Amino acid sequence: MHSQTTISRFPSLLTQTHFESLISFIKSTTKTTQLLEIHAYLLRTSLFQNTTFSVPFLNRISLPPLQNLTYSLRTFSQISRPIVTHYNTIIRAYAMSKYPEKGFYVYRDMMRKGKSSNSQSLSFVTKCCTKGCSVFGGLQVHARILRYGYCSDTLLLTTLMEFYSGGGKGDDACKVFDEMPQRDTVAWNVLVSCYTRNGKTRDALDVFDRMQRGEHGCDPDDVTCLLVLQACSNMCAFEFGERVHRYVKDHGYSHALNICNSLVAMYSKCGQLDKAYEVFQEIPNKDVVSWTAMISGFASNGRGREAINVFREMQRMGISPDEQTFTALLSGCSHSGLLDEGRSIFDHMQREFGLVPNIHHYGCVVDLMGRVGLVEDAYELIISMKCKPDATIWRTLLGACKVHGNLTLGERVIERLIELKAQEAGDYILLLNIYSSSGNWEKVIELRKLMKEKGIQTTPSASTIELKGEIHEFKVDDTSHPRINEVYEILDEIEKQLKIDGYNAEITDVRLSYHSEKLAMAFGVLATPPGTKIRVAKDLRICTDCHNFAKMLSAVYSREVTIRDRTRFHHFREGRCSCNDFW
DNA sequence: TTAGGGTTAG
């Protein structure tokens, strides 16, 4: 028996000179059976009470790949006089487990027993608070960090930044960063991720330059590139993304698979499919992430058939698709109105690949049915789902009700959203539009009154446009942009010009103001030479009026216009849109 | 007294 040999090997090893080989054996084995035998042996010989053995042992079983919390706790209880390191290991184990809050109790217990914690203890406890969303705990830890004088411990402070960043307190995270005496690349990286997570994508991009400046500058590493590329994707910052791409090439990161995959995603999300495809083709060992990124790129740019072709190619190459691959594929079908293909893929996914559809898959199919007018069927599908419908899926259906003017179903959907306590300003606006497009003005007035009573305020949506690598942002009825007066002037001029060519502002949609994408487009016309492509990114979905405006603009001003809205791309050219007015 | 902490793609 193998186990017998392992055990019988030890007596000869357990001379003073062979301690190290036993320790390195503990550190390297991944077999639980072997560890159990070593464990029994160490207990029998009382060697287990020696930290030389118990520390690496506890480490081994509490970290991946074994990562066995129950076993770690049992082992911990067998240590008669645990030292700080043992406690730390257990706190870390809890931080990685499903019960992060218990790590805090272990820490408290340790303090009560009169053990003094060290900076690692605080680091792990902070992680527990981050994962367990314990605001109070985290604040307590912060106070302790100050009291114990760990104010120049970069690693500990980085963990603390993560805590604030994860809890939506981006400003506090920045404050910790500002007060750090020394910063390394990881600290800068956490700052980037903090900005991105807290919706300050612009600031995230600025960090890329900021960190390289100054005497205490740090060179961005591969992780920085990943994070910044993500920010570029969010902002549709194509030129900035290209700059990061150059940096990646110059610093020898071009062969890292995760970086290449992010580049594919970034170019796709900036509407630059050719570039995305170029990078994609040059990846030698494409994995499921690479393929999914490419499929998703074609999908969101309204090229559903090509997305399906890439999927077929992927299968020929023997790469198995996963849940996210199907989400990308199905969204491709919905953006291109491929009803039969979508249904067949949805079926195929379950039968051939044994995947259980999740809320995203259902969401795509509901979107697809809604687009082609099968709103009642979509409703039935939501009702029949095995998982609980969320607000997003009802909102998708509500959007379809608006497009197809289905008033009764729209009202039913709003009720569902109210049940979920999830109704937002945007939902009421959609319903308002359903009423107004069917001429139901009494209901419009009634709903307006209700909205006023409930104090529902619309969050202003924003559009961005990139000029020479700089991002310009516009909100509805913007007044903050430095060239806003010129923008309004040119917007009036454009509207006049478009009216001559048949454009009429849409009145069915509730149009009270200058939408942000219009302002951004006008700024594009104002600030770039004739013929330059205009690329705008918007956080919500584009409305019919702005869509018409863009179509006309592309014809009358001979400009290619690309608008990325919340769900997809619209490429306008010579008076037409790639979505064929289907969105 | 050796052990031990932070960021990461679709």
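Just so we're clear, the structure is a prediction, and the values are computed from it rather than from any experiment. Just so we're on the same page: letters track the sequence lines, and every chain starts at 1.
When heavy atoms are screened at a 4.0 angstrom cut-off, S290(A) is found touching no nucleic acid atom at all. Nucleic acid contact class of T292(A) (heavy atoms, under 4.0 Å, all strands): base. Using a 4.0 Å heavy-atom distance criterion, S119(A) is classed as a base contact. Residue V288(A) is classed as a base contact, given a heavy-atom separation below 4.0 Å to a base. Counting any heavy atom pair closer than 4.0 Å across all strands shown, T51(A) reaches a base atom. At a threshold of 4.0 angstrom between heavy atoms, the contacts of N118(A) include nucleobase atoms, whether or not backbone atoms are also involved. If you check every strand for non-hydrogen atoms under 4.0 Å, L156(A) touches a base. Residue-level contact check: T89(A) touches neither bases nor backbone, having no heavy atom under 4.0 Å from any strand. Using a 4.0 Å heavy-atom criterion, one finds that V186(A) contacts the bases of the nucleic acid, with or without backbone contacts as well. At the heavy-atom level, N88(A) lies under 4.0 Å from base atoms of the strands shown.
In the displayed structure, R108(A) atom CZ is contacted under 6.0 Å by more than 12 heavy atoms of other residues, nucleotides or ligands. The environment of NE2 in H348(A) is crowded: more than 12 heavy-atom neighbours from other residues, nucleotides or ligands sit within 6.0 Å.
For the pair M96(A) CE and dG5(B) P, the computed distance is 10 Å after rounding to whole Å. What separates CD1 of I26(A) from C1' of dT2(B) is a distance of 13 Å, to the nearest Å. Note: NE2 (H86(A)) to P (dT1(B)) measures 16 Å, nearest angstrom. Look at CG on L273(A): it is 15 Å from C1' on dG10(B), rounded to the nearest Å. Taking atom CE on M180(A) and atom P on dG5(B), their separation rounds to 17 Å, with Å as the unit. The interatomic distance linking F57(A) (CZ) with dG4(B) (P) rounds to 16 Å, in whole Å. Rounded to an integer number of Å, the gap from CE of M294(A) to P of dG10(B) is 14 Å. For R197(A) and dT7(B), the CZ to P distance is 9 Å, given to the nearest whole Å.
For T159(A) against dG6(B), a side-chain-to-base donor-acceptor contact under 3.5 Å is absent. Counting distance only, with no hydrogens placed and no angle test, the side-chain atoms of N261(A) and the base atoms of dA9(B) include a donor-acceptor pair under 3.5 Å. Looking at D184(A), its side chain comes within 3.5 Å of the base of dG6(B) through a donor and an acceptor atom. Under 3.5 Å, the side chain of N189(A) and the base of dG6(B) form no donor-acceptor pair of N or O atoms. Residue D287(A) places no side-chain atom within donor-acceptor reach of the base of dG10(B), judged by atom type and a 3.5 Å distance cut-off alone. A donor N or O paired with an acceptor N or O is not found under 3.5 Å between the base of dG6(B) and the side-chain atoms of E162(A).
Distance from the side chain of L155(A) is smallest to dG5(B) among dG5(B), dA3(B), dT7(B). Among the nucleotides dG10(B), dT2(B), dT7(B), the one closest to any side-chain atom of V190(A) is dT7(B). Residue A187(A) has its side chain nearest to dG6(B) when only dA9(B), dG10(B), dG6(B) are considered. Taking only side-chain atoms of D153(A), from C-beta outward, the nucleotide of dG10(B), dG5(B), dA3(B) with the closest atom is dG5(B). Closest approach to the Q120(A) side chain among dT8(B), dG4(B), dG10(B) is made by dG4(B) (side chain taken as heavy atoms from C-beta onward). Relative to the side chain of L226(A), the nucleotides dT8(B), dG6(B), dG10(B) differ in distance, and dT8(B) lies closest.
Ring centroid separation for the pair F326(A) and F346(A) does not come in under the 6.0 Å cut-off. Ring-centre distance between Y164(A) and H142(A): below the 6.0 Å cut-off. Proximity of the aromatic rings of F48(A) and Y41(A) is defined here by a centroid distance below 6.0 angstrom, and this criterion is not met.
The two residues A293(A) and A265(A) have their closest heavy-atom pair at CB-N, 4.5 Å.
Distances shown here put a side-chain N or O of K127(A) below 4.0 Å from the OP1 or OP2 atom of dG6(B). Using a 4.0 Å cut-off, some side-chain N or O of Q230(A) falls inside it from OP1 or OP2 of dG10(B).
A side-chain contact (heavy atoms from CB on, under 4.5 Å) with V192(A) is found for one member of V223(A), V207(A), L205(A) and no other, namely V207(A).
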